[in-house]
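All of these numbers come straight from a predicted model, not from anything done at the bench. What's counted below: heavy atoms across the whole structure, side chains too, no hydrogens, waters or symmetry copies. To find a chain, count down the sequence lines: A is the first, B the second, and so on, and within it residues start at 1.
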There are 2 protein chains.
Amino acid sequence: MNRGPTMVDVAEAASVSLKTVSRYINGATNIDPKLAERIREAVLALGYRRNLAAASIRPGWTSRMLGLIIGDLGNPYYSTLARGVEREVHERGYLLTTASSDENGQRHDELIDRMLEQRVDGLIIVPPYTGGRPWNELRPPLPPRVLVDRPAPEGDGYSVLADNARGAASATEVLLAEGATRIAFVGDSELISTMAERRQGYEEALLAAGLEVDLSLVDHGVHTDEQAAGAVQRLLDDHGADAIFAANNRAAIGALRAFRARGARVPLVGFDDFESAELTSPPTTVVSHDIAHMGAVAAGTLLTLLDGGVPAEQTTVLPVTLQRRGSELRVQ
Amino acid sequence: MNRGPTMVDVAEAASVSLKTVSRYINGATNIDPKLAERIREAVLALGYRRNLAAASIRPGWTSRMLGLIIGDLGNPYYSTLARGVEREVHERGYLLTTASSDENGQRHDELIDRMLEQRVDGLIIVPPYTGGRPWNELRPPLPPRVLVDRPAPEGDGYSVLADNARGAASATEVLLAEGATRIAFVGDSELISTMAERRQGYEEALLAAGLEVDLSLVDHGVHTDEQAAGAVQRLLDDHGADAIFAANNRAAIGALRAFRARGARVPLVGFDDFESAELTSPPTTVVSHDIAHMGAVAAGTLLTLLDGGVPAEQTTVLPVTLQRRGSELRVQ
DNA sequence: TTGTAGGCGTTATCAC
DNA sequence: GTGATAACGCCTACAA
């Protein structure tokens, strides 16, 4: 296997010592212009490229690679997040290695191990909902890391989150303002911290309006569009729901499917924007936040840590906004 | 900086030689069970993790990292592609480093350089439309690589493509079957090879139906939704278009916007599926292909190359399918 | 300003 | 079956 020219080859070709080539490659200034020119030519002639992997094992040097572990790169939510991270870290000269855990704890752990073996300088992680070993027991301890979209356990480490409770509350408030009194909550498992927070915001808004929480209107078992569609059908037909709070975008899309199937709709507000929320009829109102920005903030926090700095906050909570588009209205 | 325990540390702790630890870590079988157990304990106690970066500089060893360079990770098209690649390469034990070029030739080149310095074993690339240095002049030559969604220049290398011409032709044929005689083509620059191929398929279908190509019905200047919406308005108002072939999904979404704005629609077929094409009214008919599969095929081709094999074809053309949903019909 | 010697963590060679 | 020793490509003392 051809491993390409090394610094030694360049040094020989330029009739210079190894060290001088090293200096040249690393941009040192104190080099005789004559030698520099000879080296430059040799580099071009040989097609030399430095070997960062070799350089990185020297003391004081690092890989300048970061790892990003998310649930599923194919999910627009995560890919937007990844894009935000990527932009930030590339700007600072880091390479980003991305991997999907599929929300599988074991897979997640394997990916972390693999990245640590590759000696990434830091990690940005969206941990799976369940499974995976507890970090505090990890030997050796993880390198600098930042959690995204999930709270760090007991403040052990840094995390960046959206204001899920506030967002859910404002979604619920909008539906209440339309006169709804039986607002259904459709979402994924409560074990997912964001879901728990959204549920909490929903309840707080109901209670603040003097309404009781009717558990028959709460469905936490929705993992797919189809399940959501079925859930919404049931909530409307059997439990007298008069408005829907869809706690994630799969739930929202499912609700839209259910509306279409029965040829009638009720007021709807979703959480997390989706590509063509504006194209539905009526356009779908959602609580949304800037996911790419969340990624950028997480990356910024990690880079601060890597620079030896101390981020301003352990937990950064990012604001959410209500995108009013019409679907929250009773009449169109 | 703490660099973590090394094999030497483990060897000392286990009272074994360095080489034996190496054997153990690499899964060699011929080790005295007693020693193996001592090593196992030492590894656990010290929290040893092997350093793949160090291992990779040895002759005959590689980084087991691959690079993926795409246009924009935030674009669902690319992230789906990335996901397909990821799945395939992870299965084979490779780590994937992903980066977005933003269709910028210089940035693209820099990313390639960076990845080569990091010594990736191979590259999967979606080259930018314009700019970027010609590869054949690259010194040293690139490692094994596969192009996706863009043809390899002059058969120099491997590539995986969708059957753009055939897809565009069948889209056009469907609109013709509806009785349309002035089908507009709305798409991005012809410099993009996929666009050129789609344009070609469109023309072939028209000619086969005995129609002439009216250049006033062809708009190649559409880069965004908004531009597409404007273009469709003009084509309908000023040039008497009676059907729209939207040659990418931005164009399709723009056409839908235009329809909404004027309160009337004409038959429409898009190219490339989009998240909620089924949610529009009527649902949008598109020519689509399995992007994740395209990524997986590209990854498979690259892995074959890395294994020293010879892929079956230099250029793999993947089939496309027409997803009939209703928007191609004249009346709903 | 330049060069020499040594070590980073790992694996391969080849004796024992 | 095991272990000294020598690379791999690079960079940093330190000496010249």
**Prompt:** Atom CG in D113(B), atom CD in Q118(B): separation rounded to 0.5 Å?
**Reply:** 12.5 Å
**Request:** Using a strict 4.0 Å threshold on nitrogen-to-oxygen distance, state whether D109(B) and R114(B) make a salt bridge.
**Result:** no
**Asked** Between N26(A) and dC11(D), does any side-chain N or O lie under 4.0 Å from OP1 or OP2?
**Response** yes
**Message:** Is S17(A) close enough to dT2(C) that one of its side-chain N or O atoms is under 4.0 Å from OP1 or OP2 there?
**Reply:** no
**Message:** Counting only side-chain heavy atoms from C-beta out, which of dC11(D), dT10(C), dT1(C) sits nearest to M7(A)?
**Reply:** dC11(D)
**Request:** Provide, to the nearest angstrom, the distance between the CZ atom belonging to R119(A) and the P atom belonging to dC10(D).
**Result:** 20 Å
**Asked** Is the backbone of S63(B) close enough, under 3.5 Å, to the side chain of D121(B) for a donor and an acceptor to pair up by distance?
**Response** yes
**Prompt:** When you check the phosphate oxygens OP1 and OP2 of dG3(D), does a side-chain N or O of T20(B) lie under 4.0 Å from one of them?
**Reply:** yes
**Asked** Atom CG of N51(A) and atom P of dA7(D): how far apart are they, to the nearest Å?
**Response** 19 Å
**Asked** Roughly, in whole Å, what's the span from OH in Y24(A) to P in dT12(D)?
**Response** 18 Å
**Asked** Could a donor-acceptor pair under 3.5 angstrom be found where the side chain of K19(B) meets the base of dA12(C)?
**Response** yes
**Complete:** Closest to the side chain of T6(B), out of dG9(C), dC10(D), dG1(D), is dG9(C)
**Request:** May I ask you to say whether R150(B) pairs ionically with E103(B), meaning some side-chain N is under 4.0 Å from a carboxylate O?
**Result:** yes
**Item:** Protein-nucleotide distance (I57(A), atom CD1; dC10(D), atom P), rounded to Å
**Value:** 11 Å
**Request:** Send over the distance from R23(A) CZ to dT12(D) P, rounded to a whole Å.
**Result:** 10 Å
**Message:** If you only use heavy atoms from C-beta on, which nucleotide in dG1(D), dG9(D), dT10(C) is closest to the side chain of A54(B)?
**Reply:** dT10(C)
**Request:** Let me know the distance between CG of L18(A) and P of dT4(C), rounded to the nearest Å.
**Result:** 10 Å
**Prompt:** In whole angstrom, what separates R38(A)'s CZ from dT2(C)'s P?
**Reply:** 10 Å
**Asked** If you check the R58(B) side chain, which of dA7(D), dT2(D), dG3(D) turns out closest?
**Response** dA7(D)
